[in-house]
Amino acid sequence: MRTAFYLLPLAMAPLFANDFWLVQILGRALSLGVIALSLTFLAAYLGVVSFAQTTMAGVAGYTVAYFGPNTVDVGYELPFYVILPLAMIMATLSGALIGLIARRSQGIYAIMITLAIAVAFFYFTRQNYSVFNGWTGFSGLRAPDIAGINLRAPVPFYLLCLGVAALSLVLVNGFIKSPLGLTIQAVRDEPKRVLAIGIPTTPVIVAAYAFAGFIAGSGGILNIWLQERISSFSVGLGPIVDILVIAVIGGLKHPIGAFIGAIAFVLLDTFAVDFIDRERFNTLIGLVLLAIIMGAPDGLHGLAKSWLSRSAKRPAKIKT
Amino acid sequence: MTFFLIVTLNGLTLAALYFLAASGFTLIFGLMRTVNMAHGALLLLGGYVGFEVAKTTGIWPLAILGGGLAAALVGAIIQFGILGRFQGDELRQTLASIALSIIMADLMLWFWGGITYQVAMPDALAGGFRLPLLGVGYATIRLVLIAFAIVVGIALWLVIAKTRLGAIIRAGVDDREMLRALGFDVAKIFVVVFALGGLLAGMAGVVAASALSISPGTDLQFLLSSLVVVIVGGMGSVGGAALGALLIGLAEQYGLAYAPTYGVVFTFAIMVLVLAVRPQGLLGRSEA
Amino acid sequence: MATESLLSIRDLQVHYGTSHVLHGVNLDVDRISLGMLGRNGMGKTTLCAAIMGLVPATGGSIHFDGQNITDATPEKRAQLGIGYVPQGRRIFRSLTVEEHLRMMQRKGSAWTVDRVFDTFTRLRERRRNLGDQLSGGEQQMLAISRALMLDPKLLVLDEPTEGLAPAIVSDVIDLVARLSADGMGILLVEQNIHAAFAVAQNVAIMVNGEIVETLPAADLEGDTELQKRHLGIEPGQVMAEGDIT
């Protein structure tokens, strides 16, 4: 299986990578990759570029923060085996709700509406103190010990990230082949025909967003365990654009693109400081993004694919 | 009662700014179907350039003009050099404009730093103005801002409704392909309209920098307000931008005054409601 | 490839995605009128769009007035002198009649706004009306006038009589016949063979994306067998809209 091909060297990473690489590079890339995967899923199979994936991830993150151990004295502590399912349910529901609002919007309209929703959520978390604790947010968030394994230790945390990432990919690949997944793709291609054969499109679209919320939520939980805090800035425009950048750089056509993009992004983010002024990172990432959009609209995944199949005959491009 | 009226005036001021920002955004969208995510960056650029012009010359109208022209030029370059290359692929254009807005915001931060700027205004505008009937003072610049937005709105309407360029723009909104088949170089017209949108954004930036202030983040604030305004008012409709700006500006100020914590929810609720009832926006055309 | 014809199409191929719509069309149009007949779905409208550059050619060539325009933009083709009256007329709904014409005004053109208004007095009466407030016949007059404002050497008309009342149909036919007599090249795509016979000197018949026959209009008019074979009509019958193969 192809997945195993990618998975094996990654599973052996703890043997040769140090803690910094395991957590700050690979762990971070995998958790961001899972959130980006939810965007890639919607883009590839529903044909909608959503800016609200960070929001869905944030809903899961905030749920864990509110009901889990934290150091800000807000919230109500529950055991982790209640919190985690609850956080996933909340993220899925937030996805469904966003899908319900954006259900009639496609293409650029969907971008605008999901962006507006995401930013409204950002402002809301900033202004609300009873649940979201405003600007400050939550700190001191800790991954639990499960079955005697301390998930805060580098190797278990890394393997957890890898496991969640692999599981999400498998889940996405299975979901798109399911009857519901196929219907989602039919709605992407021919919404009118889907309606005409008697399938209402709204539940299908809402289901796609809800599924994306589920995926984003699992990435969101990993992300706050890594960061050990969450605040309005975690769901602000910066992270929103980061996730978009990751998905676009990796390639929106294929789920694996999200992880390729995430690795590239994290490497740039971590090591660009060696080449350029730390302050100018945004210019660099903007230029990389622009170069990808202009030169390789299918992202690094598309580049790699066309590079691999360069010897094979490519279909002639039709100008429009 | 006085409080209510002051809040209303504040709402109108904000609406005026939102309209100035959103009019260029919606104009570009209406003709080209391009969601210009760099619109906020153009606005901020206009504000900074306006500040420099005001500092150098001390002439406020010149600052407005300078800020507008700088943003118009950059807008034209963006369309001509980058976005025009993939006309018809709106998603790619939108993503490219996001990249551009990231780059522009960062370069402006580099050049102008993270501090807050306010454009110096002529003495006549800098003071307050005692409102008749109410007997309370109100910043003159804010009243000028409302007047300016009305003048710009009327001018824009005249250009679109009464000139040959306006007729060509409307024809392009109706049927871009047919316009080309009649011999019009649509690519050139797009650059002109992008410059016009930039001009409006740049002027809005200078006005915002005069009535309020500008700093990094102002770009996103106005990009988002423009998004919400055109979603509510109807994309591509200048009248819709005016109506949307009025609704959102007032809602935001009333929200701030009467329900500070949930002000943003108010705005958001309006947007969701409009989307539920009229997905194309209040004055928007449905996509056939 | 220099040719003597005004418009010369060689082996033109057009694909929409995976479907092959035009299979090597060869066609010459001169300063006489050519009628293009064929049932629905045979590729006539696609051919018009390809001549205007609105759909890309995937093979073959188009020359106009001695120039290779195969890859030219639509605006370039219009500027070279191809006037386009599209199917469905495609009047700009938010422009008035007068704005449609003023927009097209160019220095030195034989057709001015006033000349159009003198020719079509009905349009003068309705000069302040918006495009979508016009009747079908008025829209058709406007669509033709707006193309004439370009001073075209060739006028491509895609089903100009479609959906019009019989009295208006004869007005349109008379107008096109007059333009043809004045020396303008005419490519008239029609479902209504009587309209085509009234205007065209030659007719071409398109079947499944190919020109199967080009012959003088009079010959086809007298050959009911040929009409029946390619156009699927009985003598005297007007092909109805929605007459799908």
Side-chain angles (χ1 to χ4, degrees), chain B residues 26-27 29-33 79-80 84-89 156-193 233-241 280-281 283-288, chain C residues 45 48-56 69 72-106 109 113 128 130-132 139 142-158:
Chain B
T26 204
L27 189 69
F29 180 84
L31 179 63
M32 306 176 211
R33 307 277 117 180
Q79 170 65 22
F80 180 76
R85 284 167 193 264
F86 18 87
Q87 202 69 51
D89 190 346
L156 195 57
W157 176 78
L158 283 175
V159 166
I160 291 175
K162 299 291 172 197
T163 66
R164 182 167 180 268
L165 176 67
I168 294 170
I169 291 173
R170 275 179 287 139
V173 172
D174 287 347
D175 192 339
R176 210 158 64 186
E177 198 179 56
M178 192 59 222
L179 191 63
R180 298 186 74 187
L182 290 171
F184 290 89
D185 186 348
V186 168
K188 215 189 290 170
I189 296 161
F190 283 0
V191 173
V192 170
V193 171
M235 312 216 204
S237 153
V238 174
Q280 72 271 37
L283 299 183
R285 283 180 187 174
S286 61
E287 296 288 300
Chain C
T45 293
C48 294
I51 291 172
M52 279 322 291
L54 299 175
V55 298
I69 59 162
T73 59
E75 52 267 31
K76 173 83 181 152
R77 299 179 200 218
Q79 286 157 10
L80 283 174
I82 308 182
Y84 179 47
V85 181
Q87 190 175 29
R89 305 179 276 273
R90 293 173 76 165
I91 293 299
F92 302 118
R93 61 178 170 173
S94 45
L95 266 60
T96 64
V97 168
E98 188 163 358
E99 280 174 334
H100 270 94
L101 301 172
R102 292 254 173 258
M103 185 174 96
M104 303 294 299
Q105 181 86 273
R106 292 196 306 182
S109 167
V113 177
R128 306 235 179 277
L130 290 176
D132 59 1
Q139 284 193 350
L142 182 57
I144 295 173
S145 319
R146 132 183 114 169
L148 289 177
M149 297 284 293
L150 274 169
D151 239 351
K153 300 186 179 89
L154 172 71
L155 195 58
V156 177
L157 300 112
D158 193 356

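Naming convention: chains lettered A, B, ... in sequence-line order (proteins, then strands); numbering from 1 in each chain.
For chain B, the option among C/M103, C/H100, C/Q79 with the highest count of heavy-atom pairs below 4.5 Å is C/M103. For chain B, the option among C/G83, C/G131, C/A78 with the highest count of heavy-atom pairs below 4.5 Å is C/A78. Ranked by heavy-atom pairs under 4.5 Å with chain C, the first of B/A167, B/A181, B/A171 is B/A171.
We find the CD-OH distance between B/E177 and C/Y84 to be 7.5 Å, quoted to the nearest 0.5 Å. In this structure, C/M52 CE and B/L182 CG are separated by 7.5 Å, a value rounded to the nearest 0.5 Å. The CZ atom of C/R90 lies 11.0 Å from the CG atom of B/L179; values are rounded to the nearest 0.5 Å.
For C/R77, no part lies under 4.5 angstrom from a heavy atom of chain B. For B/V186, the part lying near chain C is the backbone, with the side chain staying farther off; criterion is any non-hydrogen pair under 4.5 Å. Within the 4.5 angstrom heavy-atom criterion, no atom of B/L165 approaches chain C. For C/L95, the parts lying near chain B are the backbone and the side chain together; criterion is any non-hydrogen pair under 4.5 Å.
Side chains of B/R164 and C/Q105 form no contact here, defined as non-hydrogen atoms less than 4.5 Å apart. Between B/M178 and C/R146 there is a side-chain heavy-atom pair separated by less than 4.5 Å.
The number of heavy-atom neighbours closer than 6.0 Å to CZ of B/F86, taken from other residues, nucleotides and ligands shown, is above 12.
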